[in-house]
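The block underneath contains the structure these notes are about, expressed in structure tokens.
All values below come from the heavy atoms of this structure, side chains included, with hydrogens, waters and symmetry mates left out.
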Amino acid sequence: MLELKIFTFWVLKNLSQFLSWFNSKIKKKFDTIFYGKHQRKFYPNEIEDLVFKCNSIDYINNRFENEIKTDVIELNNIRLASGLQKINSFINWEKSYIDPEDIESLHRWNWYLFEASNNKLEIKKLNWGLRQIEKWIDLYGNELEYPIKKLNHFPRWESYTISERISNYLLIKKIFNLSSKKADQSVFYQTKLLINKLEYFDDLTGNHIINNARAILIAGISFNILEWKKLSKKILEIELSKLIYKDGFLREGSSHYQLLFTRWVYEMTFFSKDSDDKKLINFLEFYLKKLYDKCKFFKIIQNQKIEIPLFGDVSPDFGPEWLFGLYELSTKDKKSQALNNGYSWLNLLSSSRFKIDNNLDSSLYQKNGKYIFPNSGWYRFNLNNSSIFIHSEPKGVSRHVGHHHNDNGHFCYYYKNIPIIIDQGRLNYMNNFFTLPRAHNSLTVNGLGVVPNNFNRFPKDYSQCENSIKSNNYNKEFKITYLTSGFSRIKKNLLWERGFRIFQKGLTIKDKLSTTYNLSVKTYFHFDFRIKVKIIGDDIFLTGSGLTGKMSISSKSDYSLKIHNNNKLGLGVQSHSYGKENATSTLEIFRDKKLNNDICYTIDWEN
């Protein structure tokens with residue numbers, strides 16, 4: 001309610017800006033109602049011309065290989081978005097799940113690709129999977145004759161879901177030489193459908209359009225259809241430079257999606273190497289190397305196990321660990337022996353994979369130093385045994401559609417490559433708690449974050465603020481300062497400054513709010529589930545993963561402490577992968593009244 005009250009005052013002062021924004025919103029809403037979600041008017045002209053040519057392509061029998069008939073081994077469970085789901089030897093395609101992402105995952109055939117990624121794969125299990133896919137086609141294949149407007153009512157015909165089906169099926173077909181005439185023909189016509197419902201949404205076009213292009217390119221190469229390859233190439237030429245910052249980061253604010261998107265580009269390059277199109281291969285490799293380099297930015301290795309800090313959304317398609325095989329693809333890297341020995345994307349490619357000729361050794365981002373990319377908003381600071389990761393949008397809110405969270409002022413802290421203060425991740429997409437400020441290592445003022453929750457529902461002129469990050473070296477220490485004007489919408493000229501000091505065996509965090517107003521402030525720190533947190537007197541003791549340390553708080557203002565462990569609100573929960581959670585500890589520090597002085601948090605490690 002407080003946000004609405006503040007926004008109302010802003011509207012009264014900025015009525016013309018509000019009306020302009022509101023009229024634009026209403027127009028887009030009416031366009032969606034009358035013309036549908038997928039509007040061809042958003043297609044670039046070059047794309048529209050190529051789509052017209054693609055629509056003339058028809059099915060030819062001899063494009064496809066003969067059906068392979070082999071024995072099957074039935075599965076008792078399949079992996080969907082939220083985890084393993086039991087089945088009775090066959091898939092019930094009509095089954096309803098609590099999480100809509102499980103339904104999407106089922107119809108994307110992601111479970112089929114996941115099973116194929118088992119390092120102890122039995123091909124007979126894939127044969128069983130192929131028979132289940134044929135049953136899916138028996139059930140839904142006739143729907144391809146429906147008008148697009150009618151298909152839009154079915155989640156199984158969402159463009160992203162179609163893209164996943166096409167890519168998953170054709171990837172397995174290429175690697176394992178496993179296919180059927182029925183599935184080939186269905187995938188052919190699904191590609192034709194996809195071409196006519198590309199995910200162009202004007203200024204809301206995001207990573208999905210690249211997934212569309214991936215499916216069309218893979219289908220074009222697999223079925224040797226030049227028009228499809230041309231269409232995909234044009235989409236990639238137009239969109240990749242928009243979605244990827246010049247420094248190589250995906251613009252969508254998620255560390256997990258950086259890996260997922262890089263995998264898409266790798267697979268397109270993988271298929272393209274079967275063609276004679278050297279220009280396409282060089283084009284894809286240019287972006288692949290940039291993306292891959294920034295995957296290394298997030299890499300942490302501890303006891304030969306890879307981890308990444310989970311900023312932003314976690315994809316329900318495939319978990320972060322499944323993608324860590326990406327880190328084995330550089331010609332400059334030594335094998336970390338950190339891969340999951342069970343299911344891994346890398347297992348799919350086996351001897352077929354190609355190395356990424358990347359001149360930058362991944363150990364660069366492990367060395368002491370500052371790795372700063374202000375244009376994309378990513379920062380990493382390594383000193384002695386400590387690493388701090390920060391993501392900060394210059395204007396507080398995302399400049400683009402994506403998978404960002406309301407994580408201003410947030411950071412992740414590692415000591416000896418062990419996660420200490422972490423991002424809670426994203427348990428699922430049914431609850432937006434994990435996107436909110438209190439789900440991050442940040443603070444709220446009078447219950448509000450630096451920018452409004454669901455900031456895309458407000459005009460940018462209202463939501464935006466000024467963020468800055470500065471750093472310097474001093475006497476073998478790092479000092480980092482984050483400054484934001486975001487709280488000025490609550491109280492005029494209210495600035496929040498958060499300072500970090502990395503020293504030999506610890507970290508200091510200092511928060512300062514430049515005000516004499518009466519405020520209610522809550523600060524949150526989320527600890528990794530392997531770190532046990534215990535309050536004794538005025539001290540907070542941290543133990544776990546072979547570490548022993550103490551967190552102390554210094555402030556002239558009164559404060560109170562509370563530890564949350566897996567509470568109903570979502571505090572005290574850590575999610576490493578979509579649908580999976582661990583109970584952990586969230587430390588909440590509460591202050592109110594006049595806060596005209598600093599509060600300082602210091603972590604000291606004994607070892």
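Looking at Leu240, Leu198, Asn212 one by one, the single match for side-chain contact (heavy atoms from CB on, under 4.5 Å) with Ile235 turns out to be Leu198. A ring-ring contact (aromatic ring centres under 6.0 Å, His included) with Phe500 is found for exactly one of Tyr413, Tyr379, Phe411, Phe389, namely Phe411. The only option from Phe297, Trp378, Phe298, Phe249 that meets the ring-ring contact (aromatic ring centres under 6.0 Å, His included) definition with Phe311 turns out to be Trp378.
Taking the six-membered ring where the residue is Trp, Trp605 and Tyr415 present parallel rings, their angle staying beneath 30° rather than reaching 60°. Using the six-membered ring where Trp is involved, Trp264 and Phe261 have ring planes that are tilted, between 30° and 60° apart. Aromatic ring orientation, Phe318 versus Trp322: parallel (interplanar angle below 30°, classes split at 30° and 60°). Between Phe7 and Trp21, the ring-plane angle classifies as perpendicular under the 30° and 60° cut-offs. Relative orientation of the His403 and Tyr429 rings is parallel, given thresholds of 30° and 60° on the angle between their planes.
Note on Glu164 versus Arg214: salt bridge recorded, some NZ/NE/NH1/NH2 to OD/OE distance being below 4.0 Å.
For Phe381 and Tyr371, the distance between ring centers is not under 6.0 angstrom. The ring of His410 has its center no closer than 6.0 angstrom to the ring center of His391. The aromatic ring centres of His107 and Trp93 sit less than 6.0 Å apart. Checked against the 6.0 Å centroid criterion, the rings of His440 and Phe434 do not qualify as a close aromatic pair.
Across all non-hydrogen atoms, the minimal contact from Ser577 to Gly319 is OG-CA, 3.5 Å.
With no hydrogens or angles considered, a side-chain donor-acceptor pair links Tyr160 and Asp317 at under 3.5 Å. Between Glu393 and Ser398, the side chains place no donor N or O within less than 3.5 Å of an acceptor N or O (distance only, hydrogens not considered).
Side-chain contact check for Arg380 versus Ser387: some heavy-atom pair is nearer than 4.5 Å. Here the side chains of Phe529 and His576 are in contact, with some heavy-atom distance below 4.5 Å.
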Begin from the C-alpha positions of Trp496 and Asp511 and carry the test side chain to side chain donor-acceptor pair (under 3.5 Å) through to its verdict.
CA-CA 7 Å; Trp496 171 34; Asp511 286 332; 3.2 Å; yes

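The 12-atom threshold is exceeded at CG of Leu4, counting heavy atoms of other residues, nucleotides or ligands nearer than 6.0 Å.
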